[in-house]
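The structure under discussion appears below in the form of C-alpha coordinates.
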2 protein chains.
Amino acid sequence: MPSEASGDRKRSLHETIRSDIEGSIVSGAWQPGSQIPFEQDLAARYGCSRMTVNKVLTELSRAGLIERRRKAGSFVRRPSSQSAVLKIVDVRREVEALGLPYHFEILRRAVRPAIKADQPLLAVSAGTPVLDITCRHFAARRPFCLEDRLINLSAVPEVADEGFATLSPGAFLVSRIPWSTAEHRIRASAADAAAAEVLLVAPGSPCLVVERRTFDQDRPITHVRLVYPGDGHEMVARFAPTGG
Amino acid sequence: MPSEASGDRKRSLHETIRSDIEGSIVSGAWQPGSQIPFEQDLAARYGCSRMTVNKVLTELSRAGLIERRRKAGSFVRRPSSQSAVLKIVDVRREVEALGLPYHFEILRRAVRPAIKADQPLLAVSAGTPVLDITCRHFAARRPFCLEDRLINLSAVPEVADEGFATLSPGAFLVSRIPWSTAEHRIRASAADAAAAEVLLVAPGSPCLVVERRTFDQDRPITHVRLVYPGDGHEMVARFAPTGG
DNA sequence: GAGTGGTCTAGACCACGAT
DNA sequence: TCGTGGTCTAGACCACTCA
(Lines give C-alpha, C1' and ligand atoms only; values in the text may rest on other atoms or scores of the structure.)
Protein backbone atom coordinates (compact mmCIF):
# COMPACT_ATOMS: atom_id res chain seq x y z
CA MET A 1 0.00 0.00 0.00
CA PRO A 2 2.77 2.52 0.62
CA SER A 3 3.05 4.48 -2.55
CA GLU A 4 6.77 5.22 -2.85
CA ALA A 5 5.89 5.72 -6.50
CA SER A 6 8.21 6.94 -9.18
CA GLY A 7 8.32 10.62 -9.84
CA ASP A 8 7.26 11.56 -6.34
CA ARG A 9 8.98 14.71 -5.45
CA LYS A 10 10.32 15.16 -1.99
CA ARG A 11 7.36 14.73 0.25
CA SER A 12 7.35 14.34 3.94
CA LEU A 13 6.35 10.98 5.27
CA HIS A 14 3.05 12.11 6.69
CA GLU A 15 2.17 13.78 3.40
CA THR A 16 2.78 10.50 1.61
CA ILE A 17 0.68 8.58 4.07
CA ARG A 18 -2.08 11.12 3.93
CA SER A 19 -2.13 11.16 0.17
CA ASP A 20 -2.32 7.36 0.08
CA ILE A 21 -5.23 7.19 2.46
CA GLU A 22 -7.03 10.13 0.94
CA GLY A 23 -6.68 8.50 -2.44
CA SER A 24 -8.09 5.23 -1.20
CA ILE A 25 -11.10 7.03 0.18
CA VAL A 26 -11.79 9.42 -2.66
CA SER A 27 -11.33 6.74 -5.29
CA GLY A 28 -13.85 4.57 -3.54
CA ALA A 29 -11.37 1.76 -2.94
CA TRP A 30 -12.20 2.14 0.73
CA GLN A 31 -15.95 2.32 0.91
CA PRO A 32 -17.82 4.54 3.35
CA GLY A 33 -18.25 2.79 6.65
CA SER A 34 -15.36 0.44 6.15
CA GLN A 35 -12.66 0.27 8.74
CA ILE A 36 -9.21 1.52 8.00
CA PRO A 37 -6.15 -0.06 9.56
CA PHE A 38 -5.24 0.66 13.14
CA GLU A 39 -2.57 3.20 13.86
CA GLN A 40 -0.15 0.49 14.91
CA ASP A 41 -0.67 -1.45 11.70
CA LEU A 42 -0.22 1.60 9.52
CA ALA A 43 2.89 2.52 11.46
CA ALA A 44 4.30 -0.94 10.88
CA ARG A 45 3.35 -0.84 7.22
CA TYR A 46 5.11 2.45 6.64
CA GLY A 47 7.92 1.68 9.02
CA CYS A 48 7.35 4.76 11.09
CA SER A 49 6.29 5.63 14.58
CA ARG A 50 2.69 5.73 15.66
CA MET A 51 2.89 9.51 16.19
CA THR A 52 3.37 10.05 12.50
CA VAL A 53 0.36 7.97 11.59
CA ASN A 54 -1.63 9.56 14.35
CA LYS A 55 -0.90 12.98 12.92
CA VAL A 56 -2.29 11.95 9.55
CA LEU A 57 -5.41 10.31 10.94
CA THR A 58 -6.09 13.25 13.21
CA GLU A 59 -5.91 15.55 10.20
CA LEU A 60 -8.21 13.34 8.17
CA SER A 61 -10.62 13.23 11.05
CA ARG A 62 -10.66 17.02 11.29
CA ALA A 63 -11.14 17.22 7.56
CA GLY A 64 -14.21 15.03 7.93
CA LEU A 65 -12.98 12.17 5.80
CA ILE A 66 -12.83 9.63 8.57
CA GLU A 67 -14.36 9.06 11.94
CA ARG A 68 -12.44 7.72 14.89
CA ARG A 69 -13.66 5.88 17.93
CA ARG A 70 -11.59 4.64 20.78
CA LYS A 71 -11.30 0.92 21.03
CA ALA A 72 -13.28 0.50 17.82
CA GLY A 73 -10.89 2.04 15.33
CA SER A 74 -11.12 4.48 12.41
CA PHE A 75 -13.73 4.34 9.69
CA VAL A 76 -14.35 6.00 6.36
CA ARG A 77 -17.05 8.51 6.92
CA ARG A 78 -20.16 8.43 4.82
CA PRO A 79 -19.94 11.52 2.68
CA SER A 80 -22.01 13.91 4.67
CA SER A 81 -24.34 16.33 3.02
CA GLN A 82 -21.98 19.14 3.73
CA SER A 83 -19.96 19.90 0.69
CA ALA A 84 -18.59 23.04 2.12
CA VAL A 85 -17.43 24.53 5.32
CA LEU A 86 -17.77 28.21 5.27
CA LYS A 87 -17.00 31.18 7.38
CA ILE A 88 -18.58 34.50 6.71
CA VAL A 89 -17.89 37.61 8.62
CA ASP A 90 -20.05 40.59 8.00
CA VAL A 91 -21.25 42.45 4.96
CA ARG A 92 -19.62 45.64 6.14
CA ARG A 93 -16.24 43.96 6.37
CA GLU A 94 -16.84 42.37 3.03
CA VAL A 95 -17.44 45.74 1.38
CA GLU A 96 -14.58 47.45 3.13
CA ALA A 97 -12.26 44.63 2.12
CA LEU A 98 -13.02 45.70 -1.45
CA GLY A 99 -11.87 49.18 -0.57
CA LEU A 100 -15.32 50.66 -1.07
CA PRO A 101 -17.30 52.94 1.21
CA TYR A 102 -20.12 51.19 2.97
CA HIS A 103 -23.54 52.12 4.23
CA PHE A 104 -26.84 50.40 4.77
CA GLU A 105 -30.49 51.22 5.21
CA ILE A 106 -33.39 49.51 6.92
CA LEU A 107 -36.18 48.98 4.42
CA ARG A 108 -38.71 47.28 6.64
CA ARG A 109 -38.96 46.33 10.25
CA ALA A 110 -41.71 44.60 12.14
CA VAL A 111 -42.16 42.76 15.39
CA ARG A 112 -44.75 40.05 14.92
CA PRO A 113 -45.61 36.57 16.09
CA ALA A 114 -44.02 33.78 14.12
CA ILE A 115 -46.22 32.10 11.56
CA LYS A 116 -46.04 28.66 10.12
CA ALA A 117 -44.18 29.83 7.04
CA ASP A 118 -41.32 30.99 9.24
CA GLN A 119 -40.61 27.57 10.62
CA PRO A 120 -38.39 26.23 7.86
CA LEU A 121 -36.25 29.31 8.35
CA LEU A 122 -36.38 29.81 12.10
CA ALA A 123 -37.37 26.75 14.07
CA VAL A 124 -39.64 28.44 16.60
CA SER A 125 -43.19 27.55 17.44
CA ALA A 126 -45.94 29.66 15.93
CA GLY A 127 -46.71 32.69 18.01
CA THR A 128 -43.18 33.23 19.30
CA PRO A 129 -42.33 36.90 18.79
CA VAL A 130 -39.86 37.53 16.00
CA LEU A 131 -38.23 40.60 14.54
CA ASP A 132 -38.66 40.58 10.78
CA ILE A 133 -36.34 43.02 9.12
CA THR A 134 -35.17 43.85 5.63
CA CYS A 135 -32.07 45.82 4.98
CA ARG A 136 -30.08 46.93 1.98
CA HIS A 137 -26.31 47.16 1.98
CA PHE A 138 -24.46 49.53 -0.30
CA ALA A 139 -20.94 49.60 -1.66
CA ALA A 140 -19.90 52.91 -3.12
CA ARG A 141 -23.54 54.03 -3.03
CA ARG A 142 -24.65 51.18 -5.23
CA PRO A 143 -26.78 48.31 -3.95
CA PHE A 144 -24.49 45.51 -2.91
CA CYS A 145 -26.68 43.06 -1.09
CA LEU A 146 -30.24 42.59 0.07
CA GLU A 147 -30.71 41.15 3.54
CA ASP A 148 -33.91 39.53 4.85
CA ARG A 149 -33.63 38.54 8.45
CA LEU A 150 -35.72 36.89 11.12
CA ILE A 151 -34.61 37.13 14.72
CA ASN A 152 -35.99 34.99 17.52
CA LEU A 153 -37.01 37.58 20.11
CA SER A 154 -37.51 34.97 22.80
CA ALA A 155 -33.80 34.24 22.55
CA VAL A 156 -32.65 37.83 21.99
CA PRO A 157 -35.30 40.11 23.50
CA GLU A 158 -33.04 43.15 23.64
CA VAL A 159 -32.95 43.37 19.85
CA ALA A 160 -36.55 44.58 19.84
CA ASP A 161 -35.42 47.95 21.18
CA GLU A 162 -32.40 48.34 18.94
CA GLY A 163 -32.57 51.08 16.36
CA PHE A 164 -29.70 49.80 14.20
CA ALA A 165 -28.57 53.36 13.71
CA THR A 166 -24.91 52.52 13.27
CA LEU A 167 -24.66 48.75 13.43
CA SER A 168 -26.50 46.66 10.91
CA PRO A 169 -28.64 43.85 12.33
CA GLY A 170 -26.00 41.30 11.48
CA ALA A 171 -23.17 43.24 13.04
CA PHE A 172 -25.29 43.92 16.11
CA LEU A 173 -26.03 40.26 16.60
CA VAL A 174 -22.45 39.21 16.11
CA SER A 175 -21.33 41.71 18.70
CA ARG A 176 -23.91 40.72 21.29
CA ILE A 177 -25.01 37.17 20.90
CA PRO A 178 -23.07 34.00 21.47
CA TRP A 179 -23.69 31.25 19.00
CA SER A 180 -22.58 27.70 18.82
CA THR A 181 -23.51 26.57 15.33
CA ALA A 182 -24.29 28.09 12.00
CA GLU A 183 -25.58 26.51 8.86
CA HIS A 184 -25.04 28.01 5.46
CA ARG A 185 -26.64 27.38 2.14
CA ILE A 186 -25.29 28.89 -1.02
CA ARG A 187 -27.01 28.74 -4.33
CA ALA A 188 -27.60 30.59 -7.54
CA SER A 189 -31.06 31.94 -8.10
CA ALA A 190 -32.95 34.18 -10.47
CA ALA A 191 -33.85 37.59 -9.08
CA ASP A 192 -37.55 37.90 -8.36
CA ALA A 193 -39.35 41.15 -9.05
CA ALA A 194 -38.93 42.55 -5.56
CA ALA A 195 -35.24 41.76 -5.29
CA ALA A 196 -34.60 43.01 -8.82
CA GLU A 197 -36.15 46.36 -8.02
CA VAL A 198 -34.24 46.84 -4.82
CA LEU A 199 -30.92 45.69 -6.28
CA LEU A 200 -31.38 47.59 -9.55
CA VAL A 201 -30.98 44.56 -11.79
CA ALA A 202 -33.21 42.97 -14.39
CA PRO A 203 -35.76 40.47 -13.08
CA GLY A 204 -34.57 36.94 -13.67
CA SER A 205 -30.90 37.84 -13.69
CA PRO A 206 -28.67 35.50 -11.72
CA CYS A 207 -28.03 36.21 -8.06
CA LEU A 208 -25.87 34.56 -5.47
CA VAL A 209 -27.99 33.68 -2.47
CA VAL A 210 -26.47 32.90 0.89
CA GLU A 211 -28.73 31.71 3.68
CA ARG A 212 -27.51 31.29 7.20
CA ARG A 213 -29.20 29.90 10.26
CA THR A 214 -27.53 30.48 13.57
CA PHE A 215 -28.07 28.51 16.74
CA ASP A 216 -26.96 28.71 20.31
CA GLN A 217 -27.07 25.22 21.76
CA ASP A 218 -29.84 24.16 19.37
CA ARG A 219 -31.86 27.24 20.16
CA PRO A 220 -32.51 29.17 16.98
CA ILE A 221 -31.17 32.70 17.02
CA THR A 222 -31.60 34.10 13.58
CA HIS A 223 -32.11 33.32 9.94
CA VAL A 224 -30.74 35.58 7.27
CA ARG A 225 -30.91 35.49 3.50
CA LEU A 226 -28.38 37.58 1.64
CA VAL A 227 -28.97 38.19 -2.06
CA TYR A 228 -26.00 39.43 -4.07
CA PRO A 229 -26.83 40.57 -7.57
CA GLY A 230 -25.40 39.30 -10.79
CA ASP A 231 -21.95 38.13 -11.72
CA GLY A 232 -20.50 40.95 -9.72
CA HIS A 233 -20.14 39.19 -6.44
CA GLU A 234 -17.53 36.56 -5.79
CA MET A 235 -16.78 34.80 -2.60
CA VAL A 236 -13.13 34.03 -2.43
CA ALA A 237 -11.59 31.49 -0.15
CA ARG A 238 -8.05 30.40 0.40
CA PHE A 239 -7.28 27.40 2.47
CA ALA A 240 -4.94 24.57 3.23
CA PRO A 241 -5.83 20.90 3.22
CA THR A 242 -6.42 20.36 6.89
CA GLY A 243 -7.19 23.77 8.24
CA GLY A 244 -10.55 24.86 9.49
CA MET B 1 0.14 34.30 29.83
CA PRO B 2 -0.73 30.69 30.56
CA SER B 3 -4.36 30.61 31.52
CA GLU B 4 -4.36 27.79 34.08
CA ALA B 5 -7.63 29.35 35.09
CA SER B 6 -10.16 27.72 37.35
CA GLY B 7 -12.60 25.38 35.70
CA ASP B 8 -10.40 24.59 32.73
CA ARG B 9 -10.16 20.96 33.74
CA LYS B 10 -11.43 19.08 30.76
CA ARG B 11 -9.23 20.65 28.14
CA SER B 12 -6.03 19.18 26.91
CA LEU B 13 -2.88 21.17 27.12
CA HIS B 14 -2.68 21.99 23.45
CA GLU B 15 -6.30 23.10 23.49
CA THR B 16 -5.52 25.45 26.33
CA ILE B 17 -2.53 26.86 24.53
CA ARG B 18 -4.46 27.24 21.31
CA SER B 19 -7.31 28.96 23.06
CA ASP B 20 -4.92 31.38 24.75
CA ILE B 21 -3.19 32.33 21.55
CA GLU B 22 -6.38 32.50 19.53
CA GLY B 23 -7.85 34.77 22.16
CA SER B 24 -4.87 37.08 22.08
CA ILE B 25 -5.22 37.38 18.32
CA VAL B 26 -8.95 37.83 17.90
CA SER B 27 -9.18 40.23 20.82
CA GLY B 28 -6.61 42.41 19.17
CA ALA B 29 -4.14 42.12 22.02
CA TRP B 30 -1.68 40.76 19.49
CA GLN B 31 -1.89 43.08 16.52
CA PRO B 32 -1.62 41.87 12.93
CA GLY B 33 1.98 41.65 11.88
CA SER B 34 3.32 41.36 15.39
CA GLN B 35 5.55 38.49 16.24
CA ILE B 36 4.39 35.78 18.59
CA PRO B 37 6.81 33.98 20.90
CA PHE B 38 9.09 31.29 19.55
CA GLU B 39 8.15 27.69 20.01
CA GLN B 40 10.88 27.23 22.60
CA ASP B 41 9.70 30.20 24.62
CA LEU B 42 6.09 29.08 24.57
CA ALA B 43 7.14 25.58 25.55
CA ALA B 44 9.07 26.99 28.48
CA ARG B 45 6.19 29.25 29.43
CA TYR B 46 3.70 26.39 29.51
CA GLY B 47 6.20 23.93 30.86
CA CYS B 48 5.70 21.50 28.03
CA SER B 49 7.67 20.08 25.17
CA ARG B 50 8.20 21.87 21.92
CA MET B 51 6.14 19.27 20.07
CA THR B 52 3.01 20.33 21.91
CA VAL B 53 3.52 23.98 21.06
CA ASN B 54 4.43 23.06 17.51
CA LYS B 55 1.16 21.22 17.12
CA VAL B 56 -0.78 24.30 18.18
CA LEU B 57 1.13 26.70 15.95
CA THR B 58 0.85 24.37 12.98
CA GLU B 59 -2.90 24.29 13.45
CA LEU B 60 -3.10 28.06 13.73
CA SER B 61 -1.02 28.39 10.62
CA ARG B 62 -3.28 26.06 8.70
CA ALA B 63 -6.29 27.94 9.98
CA GLY B 64 -4.78 31.12 8.56
CA LEU B 65 -4.46 32.97 11.83
CA ILE B 66 -0.69 33.14 11.83
CA GLU B 67 2.13 32.94 9.35
CA ARG B 68 5.33 31.08 10.03
CA ARG B 69 8.78 31.57 8.57
CA ARG B 70 11.87 29.61 9.38
CA LYS B 71 14.50 31.53 11.19
CA ALA B 72 12.21 34.55 11.41
CA GLY B 73 9.44 33.22 13.63
CA SER B 74 5.66 33.29 13.69
CA PHE B 75 3.53 36.35 13.07
CA VAL B 76 -0.10 37.33 13.40
CA ARG B 77 -1.58 37.42 9.96
CA ARG B 78 -3.48 40.39 8.66
CA PRO B 79 -7.13 39.50 8.23
CA SER B 80 -7.47 38.90 4.54
CA SER B 81 -10.35 39.97 2.39
CA GLN B 82 -11.62 36.46 2.18
CA SER B 83 -15.24 36.23 3.08
CA ALA B 84 -15.34 32.51 3.08
CA VAL B 85 -13.31 29.48 3.86
CA LEU B 86 -14.48 26.51 1.99
CA LYS B 87 -13.72 22.88 1.61
CA ILE B 88 -14.95 20.84 -1.26
CA VAL B 89 -14.11 17.25 -1.62
CA ASP B 90 -15.13 15.72 -4.87
CA VAL B 91 -18.15 15.81 -7.13
CA ARG B 92 -18.60 12.09 -6.80
CA ARG B 93 -18.86 12.30 -3.06
CA GLU B 94 -21.18 15.25 -3.42
CA VAL B 95 -23.56 13.27 -5.60
CA GLU B 96 -23.39 10.16 -3.46
CA ALA B 97 -24.11 12.24 -0.41
CA LEU B 98 -27.43 13.02 -2.05
CA GLY B 99 -28.05 9.30 -2.31
CA LEU B 100 -27.97 9.38 -6.10
CA PRO B 101 -26.05 7.16 -8.48
CA TYR B 102 -23.07 8.86 -10.04
CA HIS B 103 -21.24 8.68 -13.30
CA PHE B 104 -19.24 11.00 -15.48
CA GLU B 105 -18.03 11.36 -19.03
CA ILE B 106 -15.11 13.08 -20.68
CA LEU B 107 -16.39 15.50 -23.30
CA ARG B 108 -13.12 16.90 -24.53
CA ARG B 109 -9.47 16.29 -23.86
CA ALA B 110 -6.40 17.90 -25.33
CA VAL B 111 -2.75 18.28 -24.49
CA ARG B 112 -1.51 21.62 -25.73
CA PRO B 113 0.94 24.36 -24.84
CA ALA B 114 -0.40 27.01 -22.51
CA ILE B 115 -1.48 30.23 -24.13
CA LYS B 116 -1.72 33.69 -22.67
CA ALA B 117 -5.43 33.34 -21.99
CA ASP B 118 -4.68 30.49 -19.61
CA GLN B 119 -2.54 32.57 -17.32
CA PRO B 120 -5.28 34.10 -15.18
CA LEU B 121 -6.45 30.55 -14.51
CA LEU B 122 -3.20 28.62 -14.27
CA ALA B 123 -0.14 30.72 -13.57
CA VAL B 124 2.24 29.00 -15.97
CA SER B 125 4.34 30.63 -18.64
CA ALA B 126 3.13 30.37 -22.22
CA GLY B 127 4.24 27.19 -23.90
CA THR B 128 4.17 25.03 -20.81
CA PRO B 129 2.27 21.86 -21.67
CA VAL B 130 -1.18 21.69 -20.14
CA LEU B 131 -3.96 19.14 -20.20
CA ASP B 132 -7.23 20.85 -21.11
CA ILE B 133 -10.17 18.68 -20.28
CA THR B 134 -13.93 19.01 -20.09
CA CYS B 135 -16.04 16.56 -18.22
CA ARG B 136 -19.68 16.20 -17.33
CA HIS B 137 -20.87 14.76 -14.04
CA PHE B 138 -24.23 13.06 -13.69
CA ALA B 139 -26.47 12.38 -10.76
CA ALA B 140 -29.15 9.81 -11.43
CA ARG B 141 -28.39 10.06 -15.14
CA ARG B 142 -29.15 13.75 -15.25
CA PRO B 143 -26.44 16.35 -15.77
CA PHE B 144 -25.27 17.54 -12.39
CA CYS B 145 -22.21 19.61 -13.07
CA LEU B 146 -19.97 20.72 -15.90
CA GLU B 147 -16.25 20.68 -15.25
CA ASP B 148 -13.62 22.58 -17.24
CA ARG B 149 -10.12 21.84 -16.04
CA LEU B 150 -6.57 22.85 -16.85
CA ILE B 151 -3.74 20.76 -15.44
CA ASN B 152 -0.14 21.88 -15.36
CA LEU B 153 1.67 18.96 -17.00
CA SER B 154 5.07 20.20 -15.97
CA ALA B 155 3.98 19.64 -12.38
CA VAL B 156 2.00 16.47 -12.98
CA PRO B 157 3.42 14.79 -16.09
CA GLU B 158 1.88 11.40 -15.36
CA VAL B 159 -1.61 12.78 -15.92
CA ALA B 160 -0.97 13.00 -19.64
CA ASP B 161 -1.17 9.21 -19.89
CA GLU B 162 -4.20 8.79 -17.69
CA GLY B 163 -7.39 7.61 -19.37
CA PHE B 164 -9.75 8.60 -16.57
CA ALA B 165 -11.66 5.40 -17.11
CA THR B 166 -12.86 5.06 -13.55
CA LEU B 167 -11.57 8.09 -11.72
CA SER B 168 -12.64 11.55 -12.78
CA PRO B 169 -9.81 14.03 -13.31
CA GLY B 170 -10.52 15.65 -9.96
CA ALA B 171 -10.54 12.40 -8.06
CA PHE B 172 -7.40 11.27 -9.84
CA LEU B 173 -5.54 14.41 -8.89
CA VAL B 174 -6.65 14.27 -5.29
CA SER B 175 -5.48 10.71 -5.03
CA ARG B 176 -2.07 11.39 -6.54
CA ILE B 177 -1.00 14.93 -6.03
CA PRO B 178 -0.17 16.70 -2.82
CA TRP B 179 -1.34 20.23 -2.60
CA SER B 180 -0.70 22.92 -0.07
CA THR B 181 -3.17 25.64 -0.94
CA ALA B 182 -6.39 26.04 -2.78
CA GLU B 183 -8.30 29.15 -3.70
CA HIS B 184 -12.00 29.12 -4.36
CA ARG B 185 -14.29 31.57 -6.02
CA ILE B 186 -18.02 31.16 -5.88
CA ARG B 187 -20.44 33.23 -7.87
CA ALA B 188 -23.75 33.18 -9.65
CA SER B 189 -23.66 33.39 -13.39
CA ALA B 190 -25.98 33.09 -16.34
CA ALA B 191 -25.55 29.92 -18.37
CA ASP B 192 -23.95 30.58 -21.72
CA ALA B 193 -25.08 28.71 -24.79
CA ALA B 194 -22.50 25.94 -24.50
CA ALA B 195 -23.08 25.29 -20.84
CA ALA B 196 -26.82 25.46 -21.25
CA GLU B 197 -26.76 22.80 -23.93
CA VAL B 198 -24.58 20.44 -21.95
CA LEU B 199 -26.48 20.92 -18.72
CA LEU B 200 -29.92 20.80 -20.35
CA VAL B 201 -31.07 24.16 -19.08
CA ALA B 202 -32.23 27.31 -20.77
CA PRO B 203 -29.52 29.74 -21.85
CA GLY B 204 -29.30 32.60 -19.39
CA SER B 205 -30.65 30.63 -16.48
CA PRO B 206 -28.77 31.08 -13.23
CA CYS B 207 -25.90 28.75 -12.44
CA LEU B 208 -23.67 28.38 -9.44
CA VAL B 209 -20.06 28.60 -10.54
CA VAL B 210 -17.22 27.36 -8.36
CA GLU B 211 -13.68 27.98 -9.48
CA ARG B 212 -10.75 26.45 -7.69
CA ARG B 213 -7.05 26.92 -8.16
CA THR B 214 -4.77 24.49 -6.45
CA PHE B 215 -1.12 24.99 -5.63
CA ASP B 216 1.66 22.95 -4.20
CA GLN B 217 4.13 25.31 -2.61
CA ASP B 218 3.15 28.16 -4.94
CA ARG B 219 3.49 25.92 -7.95
CA PRO B 220 0.21 25.85 -9.85
CA ILE B 221 -1.27 22.38 -10.15
CA THR B 222 -4.70 22.80 -11.64
CA HIS B 223 -7.56 25.15 -12.28
CA VAL B 224 -11.09 23.88 -12.40
CA ARG B 225 -14.41 25.56 -13.05
CA LEU B 226 -17.50 23.70 -11.91
CA VAL B 227 -20.85 24.93 -13.23
CA TYR B 228 -23.94 23.71 -11.38
CA PRO B 229 -27.21 24.46 -13.09
CA GLY B 230 -30.16 26.35 -11.74
CA ASP B 231 -31.63 26.66 -8.30
CA GLY B 232 -31.19 22.98 -7.84
CA HIS B 233 -27.75 22.98 -6.34
CA GLU B 234 -27.10 24.09 -2.83
CA MET B 235 -23.88 24.03 -0.96
CA VAL B 236 -24.60 23.42 2.66
CA ALA B 237 -22.19 24.08 5.45
CA ARG B 238 -22.40 23.60 9.16
CA PHE B 239 -19.74 24.90 11.42
CA ALA B 240 -18.87 26.09 14.87
CA PRO B 241 -17.11 29.31 15.76
CA THR B 242 -14.05 27.71 17.26
CA GLY B 243 -12.97 26.65 13.83
CA GLY B 244 -11.69 23.17 14.55
C1' DG C 1 26.79 30.72 9.92
C1' DA C 2 23.20 30.41 13.24
C1' DG C 3 18.66 29.92 14.71
C1' DT C 4 14.16 28.94 13.49
C1' DG C 5 10.47 25.90 12.17
C1' DG C 6 9.45 20.99 10.02
C1' DT C 7 9.59 16.59 10.90
C1' DC C 8 10.22 12.26 13.17
C1' DT C 9 11.20 8.85 16.99
C1' DA C 10 10.42 5.45 20.69
C1' DG C 11 8.84 5.42 24.22
C1' DA C 12 4.82 6.57 27.98
C1' DC C 13 0.35 7.14 30.48
C1' DC C 14 -4.46 7.93 30.30
C1' DA C 15 -9.53 7.89 28.92
C1' DC C 16 -12.86 5.94 26.71
C1' DG C 17 -15.80 2.39 25.16
C1' DA C 18 -16.70 -2.07 23.10
C1' DT C 19 -16.98 -6.72 24.83
C1' DT D 1 -11.59 -6.02 31.15
C1' DC D 2 -8.42 -4.45 27.78
C1' DG D 3 -7.38 -2.57 23.23
C1' DT D 4 -7.84 1.60 20.88
C1' DG D 5 -7.12 6.39 20.11
C1' DG D 6 -5.58 10.99 22.61
C1' DT D 7 -2.04 13.11 24.34
C1' DC D 8 2.56 14.22 25.72
C1' DT D 9 7.72 13.82 26.23
C1' DA D 10 12.67 14.63 25.50
C1' DG D 11 15.27 14.10 22.66
C1' DA D 12 17.10 14.30 17.34
C1' DC D 13 18.28 15.74 12.56
C1' DC D 14 17.32 18.50 8.63
C1' DA D 15 16.05 22.52 5.61
C1' DC D 16 15.37 26.84 5.08
C1' DT D 17 16.37 31.67 5.59
C1' DC D 18 17.79 35.61 7.68
C1' DA D 19 21.71 38.24 9.04
Side-chain angles (χ1 to χ4, degrees), chain A residues 2-4 8-21 30 33-77 240-243, chain B residues 2-4 8-21 33-77 178-181 215-219 242 244:
Chain A
S3 60
E4 194 75 52
D8 271 348
R9 301 184 299 88
K10 250 198 291 188
R11 284 199 289 173
S12 64
L13 180 53
H14 71 262
E15 279 176 331
T16 303
I17 301 174
R18 173 165 181 160
S19 176
D20 283 355
I21 297 178
W30 291 357
S34 65
Q35 185 166 19
I36 77 176
F38 296 129
E39 290 188 352
Q40 290 186 1
D41 298 342
L42 284 170
R45 185 175 299 182
Y46 284 94
C48 66
S49 77
R50 189 169 75 93
M51 264 297 278
T52 304
V53 171
N54 177 275
K55 175 173 185 156
V56 171
L57 295 186
T58 299
E59 285 174 3
L60 290 174
S61 169
R62 292 232 169 130
L65 279 177
I66 66 172
E67 191 179 355
R68 316 195 71 196
R69 291 195 300 273
R70 284 175 156 102
K71 169 77 178 179
S74 304
F75 302 84
V76 179
R77 209 165 169 188
T242 62
Chain B
S3 59
E4 192 74 53
D8 269 348
R9 283 309 135 84
K10 281 270 176 169
R11 295 202 301 180
S12 63
L13 179 54
H14 71 263
E15 281 175 331
T16 303
I17 301 175
R18 172 163 180 164
S19 171
D20 284 355
I21 297 179
S34 65
Q35 184 166 17
I36 78 177
F38 298 128
E39 290 188 353
Q40 292 185 1
D41 297 341
L42 284 170
R45 187 174 300 183
Y46 284 95
C48 65
S49 79
R50 188 168 76 90
M51 265 297 277
T52 305
V53 170
N54 177 276
K55 175 174 187 155
V56 171
L57 296 187
T58 300
E59 286 174 4
L60 290 174
S61 170
R62 294 233 165 121
L65 276 176
I66 66 172
E67 193 179 352
R68 315 195 73 194
R69 289 197 302 274
R70 285 174 155 100
K71 169 75 178 180
S74 305
F75 302 85
V76 179
R77 211 165 165 188
W179 55 279
S180 59
T181 316
F215 304 84
D216 183 27
Q217 315 296 351
D218 293 332
R219 189 163 72 152
T242 53

When rounded to whole Å, the CD to C1' distance for the pair A/Glu15 and D/dA15 reads 14 Å
Check: A/Arg68 and A/Thr58 side chains under 4.5 Å, non-hydrogen atoms: yes
Closest-nucleotide mapping onto DNA chain C: is A/Met51 or B/Thr58 further toward the 5' terminus? I mean the 5' end. B/Thr58
Name the closest nucleotide to the B/Ala72 side chain, picking from D/dC18, C/dT7, D/dG6. D/dC18
With the side chain defined as heavy atoms from C-beta on, A/Ser12 is closest, among C/dC8, D/dT7, C/dG5, to C/dC8
Any non-hydrogen side-chain atom of A/Leu42 less than 4.5 Å from a side-chain atom of A/Ile17? no
note: A/Tyr46, atom OH; C/dC8, atom C1'; distance rounded to Å ~ 16 Å
From CZ of B/Arg69 across to C1' of C/dT4 the rounded distance in Å is 11 Å
Check: A/Ser74 main-chain N/O paired with A/Glu39 side-chain donor or acceptor under 3.5 Å: no
Take atom CD of A/Glu59 and atom P of C/dC8, then tell me their distance rounded to the nearest Å. 10 Å
Without decimals, in angstroms, what is the distance between A/Gln40 CD and D/dG6 C1'? 14 Å
Among D/dG5, C/dA18, D/dC18, which is the nearest nucleotide to the side chain of A/Arg68? D/dG5
Among C/dT7, D/dG6, D/dT4, find the nucleotide with the atom closest to the side chain of A/Asn54. D/dG6
Considering only heavy atoms and no angle criterion, is a donor-acceptor pair shorter than 3.5 Å present between the side chain of B/Arg50 and the base of C/dT7? yes
Using whole Å, report how far CD of A/Glu39 lies from P of D/dT7. 11 Å
With B/Val56 as reference, evaluate B/Leu60, B/Val53, B/Asn54 under the side chain to side chain contact (heavy atoms under 4.5 Å, CB included) test and give the passing residue. B/Leu60
What is the distance, to the nearest angstrom, from the CG atom on B/Asp41 to the P atom on C/dG3? 13 Å
Check: B/Ile36 and B/Leu57 side chains under 4.5 Å, non-hydrogen atoms: yes
Taking only the side-chain nitrogens and oxygens of A/Thr52, find out if one of them lies under 4.0 Å from OP1 or OP2 of C/dT7. no
Determine the contact category for B/Leu57: base if any of its heavy atoms lies under 4.0 Å from a base atom, sugar-phosphate if only primed atoms, P, OP1 or OP2 are that close, otherwise nothing. nothing
Whole angstrom value for the distance that separates P of D/dG5 from NE2 of B/His14: 17 Å
Nearest-nucleotide 5' precedence on DNA chain C, B/Arg70 against A/Gly47: B/Arg70
A/Ser49 side-chain proximity, nearest of D/dC2, C/dT9, D/dC18: C/dT9
